[in-house]
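Taking it in order: structure first as structure tokens, then the write-up.
Numbers restart at 1 for each chain; the letters A, B, ... are given by sequence-line order, proteins then strands.
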Amino acid sequence: MKSSRLLSEASMLKKEINDVLKQTLFFALIILLLPAFLVLTKIYPDRSYLNAFFPVFQFGLFFWAFFMGASLFSVERGQNGMEYLLSLPLSRYKLIGLKVLPRLISLLIFYGIFLIFFFGPGSNSLALSLICFSFIYFSLYFISLSFSASSENFLVLFVISFLFLFLFLGLEYSLFWLTVKAKGYIFFTPKITPFITGDLEPFTVSFLIMTGSCLLIPSLAAFIFSIKRFDIKPPRVHNKRFVTILAPLFIIGLLASLFLSHRIIYIGTNDYYLTRDHKLIEHNGYFGFRIYDGEKAHKIRGFYPSFLPFAEEGPYVYGGGYDCIFRVNTADFNVEELYRPPEGKNFYGAQKSRQTIAFLEYGGRRSFEGIEKKLVLLHIASKKMFRISLDFEALQNGHIRLMGAGTYKERDFWLVSIMGAPEKGGQIFRLWQDGEFRLVKETRYIPLYISPYLLTYSEKDIIISEDREGRFETIRKIPNKKQYRFIGIGDRPWFWSEEENDNPITKLYSWRYSSKEEPGEDTICALLNLETSEIEELPDVKGWPYCFSGDVCYSEEINLEEKTLAVYKIRENQINLIRKFNVSFKETFHPYEIFESGIVFSQGKKARVYAFPDLRKIKFKHL
Amino acid sequence: MASQSAVEINNLSLKIGGKTILNKIDLEIQKGEAVVIAGRNGSGKTTLLKCLAGVLFPDKGRIAYQSGLSRKGIGFISDKVSLFEKYSIKQGIAFHKDVYKIDDFDPTLINELNLDKDQKIKDLSAGERILFHLSLILSQKPEILLVDEIIHAADPYIREIFLESVIDLLEDHGTTLVMVNHTFSEIEKIPERILIMEKGRFIADEKSETLGEKLKKIITETKIPEEIPCLFKRELTHLKEYYIYPFQEELRKNFPYDYKNVRLNEIIKAFIGGQYAQKRNQ
């Protein structure tokens, strides 16, 4: 009994395979001849056959996908065989299954051939990206399959299927747009071009697959449920049944899509900044700013695609994006734009000293051999800007950094370093406010200014100079056999302004690369006593030190195997573990950031905040 | 379902586009019974047959077949003589054999017409297709044979072969036959039971012999009383023909007309004509 049933099914399957094979040969012939025709008739000028073949193949496959779905009954309809077919001793589901199977296999085989071309000779000639093509290819198949019983007219099926495809793609776009806006990414406008070129974020691909499935499965399910009673009645009878089943399923699918898209869509990473008074600033290039202060979350208006904080004073946090400098007021939750570069200009390296923000502006007319550069001094209160040209020959080759500021005899000055290739080192210049420009020192490695001291390097020594009478005089040379490097203070690693702090710096932390004879850590921390010039190594300090004042430093120790982060407090040469955290390094190697007042862990859309000195967790209600 | 029933239909209804095609049909067909369904065009005969074949699904009601009967035991020849026309005769036979698990295919009917087995089915004439399809069905040895109105399309020779083959099947295998037909001149020997359909319902369900007793004809120049149940009236040049159904012997006493016997073919015509007359009078 069972074997006779299998034989019936095998016969039907054999028939379907034969039908599909005939159709496949016909299709293959067209798809091979058409590019040749286009090239020979010069409709595709200056193209080789292969060049013409791949786009034709790609678009031809769309029609193939449609045909494989829509042609379920076309053979029988075309030869007066429907009643014979439906009277065969096979259930409707079995019948449909035996018809779908060879067509699905054919679809997959051609997809495989496409992949061979995609990863092989045709990768530069394809008209649509892999994701775009695959999405449309399989969607079109399922759409046309769902409608295969809806009409006996192939042209009508063609129109319905492609119309539904466009509606489906439009719905996908609308869903994406709606979710993006609903999630607050008001500055993000979804574009179609990345879909065509394949330049998509991973979450967009997940979105397409998940929501596409939610929207297509209802029509497939409706087809499967309605096909159970498929017979020779006019297609409108089947269609009525199909639509009756489809409508509620589609609504469910749409709701599921909305839910999933809300979960999946996450545009860009959030940047965080923890203020000294433990307010958390969250920035995303597409939804702007939010400030969390415990119980509340405040949304700040305005489009600022980037936020690179460089100073904090009172309620203000100063940040430089890629397009402007602004400050966020964490008391009244406003953002104030301070500077926007003129047309054709760019800027970088913003620093704050007292009531002045200094940064480098470049672009525009070329001078000497490089690009025109200026030091811009922006007075915060008045917004007045003073530009000092940096078109000195000495500053043309290398990367300019602002590394210090000060006043001598009521004359303001700025220290500018320019570093060349690593083996060449660099130079430090002093630029006075009246435009006087003098070479101060040369240095082998990146220098450090701790007012009034300037630390530079020679091949062998650490050179400490003191600013005396407007000149930096060498006061000490410390042998640097082990090649220590000095790090800066807080979030301004390049310089320190004594006038802004009460306690003079007497100790500096440094690091050096370990040698082959020192197994274990890659870097070793050391403490330099500026008064005695003694360097004391701190072998127990693992990882990288972070210093926010002269007295206290923190260091981080990452253990990738155990997936932990240990934070230590370093005071002079005393090291104490404050807390150990479990951290996932899956998405990024640095899922946290250490600020003066605490640590912010961020992974995806979530953030956790812990406050110094004991790293207790701070709860933000709406975070 | 009674153990002797081949098919039992309960409350079968079907509508297409708001129009009732089958209207709460109840029917029981015994095993081995030969049933002919007649009626006006559009009365629902073919639709009923297609429901029995599984080609159409009714909206309501149920169809139950004799126990142990699988779909393989049902042979169906549709009014369109539906087959896979692009197949050759050889391919058609092979396919049908495989699907219905037929061990031996009897080529008698094909040989009768001297058909080339490599010939495409679409190239066969109407009669040849009918006979070819029948040969497939006969090889199936169906327990229920469903035949729609097809024999009118065949020439007299093929018609005779067809009907003889059907009769042999009924006699040799006890196959239950349900056949849709209008003309009874050639098939009078076959049906044991006659069903007349009108507007999706049976208006008559009689054994062949009984039907002949229940339907009589009066030919007269005058109008007959309304008390006589007249199914259908036909006006000739100066005479009128009245078909009386259901006839009872009491009518002879009360209304002493000459009640003539009517042949089966004429019976069917009377029923159909009566329905047309009814429609005109509405």
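Remark: A:Tyr93 OH is packed, more than 12 non-hydrogen atoms of other residues, nucleotides or ligands lying under 6.0 Å away. Surrounding CG of B:Asn111 are more than 12 heavy atoms belonging to other residues, nucleotides or ligands, all under 6.0 Å away. Crowding of A:Tyr49 atom OH: a count of heavy atoms from other residues, nucleotides or ligands under 6.0 Å exceeding 12. Counting non-hydrogen atoms of other residues, nucleotides and ligands closer than 6.0 Å to CZ of A:Phe225 gives a total of 12 or fewer. By the 6.0 Å contact criterion, NZ on B:Lys15 is open, its count of non-hydrogen atoms from other residues, nucleotides or ligands being 12 or less.
For a residue to count as touching a neighbouring chain, one of its non-hydrogen atoms must lie under 4.5 Å from one of that chain's; by this rule B:Phe84 touches chain A with backbone and side chain alike. Looking at A:Lys22, there are no atoms closer than 4.5 Å to chain B (heavy atoms on both sides), in backbone or side chain. Contacts of B:Asp59 with chain A are made by both backbone and side-chain atoms, with heavy-atom separations under 4.5 Å. Proximity to chain A (any heavy atom under 4.5 Å) is restricted, for B:Lys50, to the side chain, taken from C-beta onward. In this structure, the portion of B:Leu14 lying under 4.5 Å from any heavy atom of chain A is its side chain and not its backbone. Both the backbone and the side chain of B:Lys86 have a heavy atom closer than 4.5 Å to some heavy atom of chain A.
Contact record, B:Ser82 with A:Asn80: OG-O, 2.7 Å, taken as the closest heavy-atom pair. Of all heavy-atom pairs between A:Glu83 and B:Lys80, the closest is OE2-NZ, 3.3 Å. The nearest pair of heavy atoms linking B:Val55 to A:Leu86 is O-CD1, 4.1 Å. In terms of heavy atoms, A:Arg236 sits closest to B:Ile16 at NH2-CG2, 4.0 Å. The heavy-atom pair separating B:Phe95 from A:Ser11 by the smallest distance is CE1-O, 3.9 Å.
Of the residues considered (B:Gln91, B:His96, B:Lys122), B:His96 shows the highest number of contacts with chain A, using heavy-atom pairs under 4.5 Å. Of all the listed residues (A:Ile232, A:Val75, A:Leu85), the one sharing the greatest number of non-hydrogen pairs under 4.5 Å with chain B is A:Ile232. For the set A:Met82, A:Met12, A:Arg92, A:Lys14, the count of heavy-atom pairs under 4.5 angstrom toward chain B peaks at A:Arg92. Contact count against chain A (heavy-atom pairs under 4.5 Å) is highest for B:Ser78 among B:Ala94, B:Ala53, B:Ser78.
In this structure, CD1 in B:Ile137 is found 7.0 Å from OG in A:Ser87, a value given to the nearest 0.5 Å.
Side-chain N or O atoms of A:Arg229 include one that pairs as donor or acceptor with a backbone N or O of B:Pro58 at under 3.5 Å. At least one donor-acceptor pair closer than 3.5 Å links the side chain of A:Lys233 to the backbone N or O of B:Phe57.
In this structure the side chain of A:Gln79 never reaches within 4.5 angstrom of the side chain of B:Tyr87, judged on heavy atoms.
Between B:His133 and A:Tyr84, the ring-plane angle classifies as perpendicular under the 30° and 60° cut-offs.
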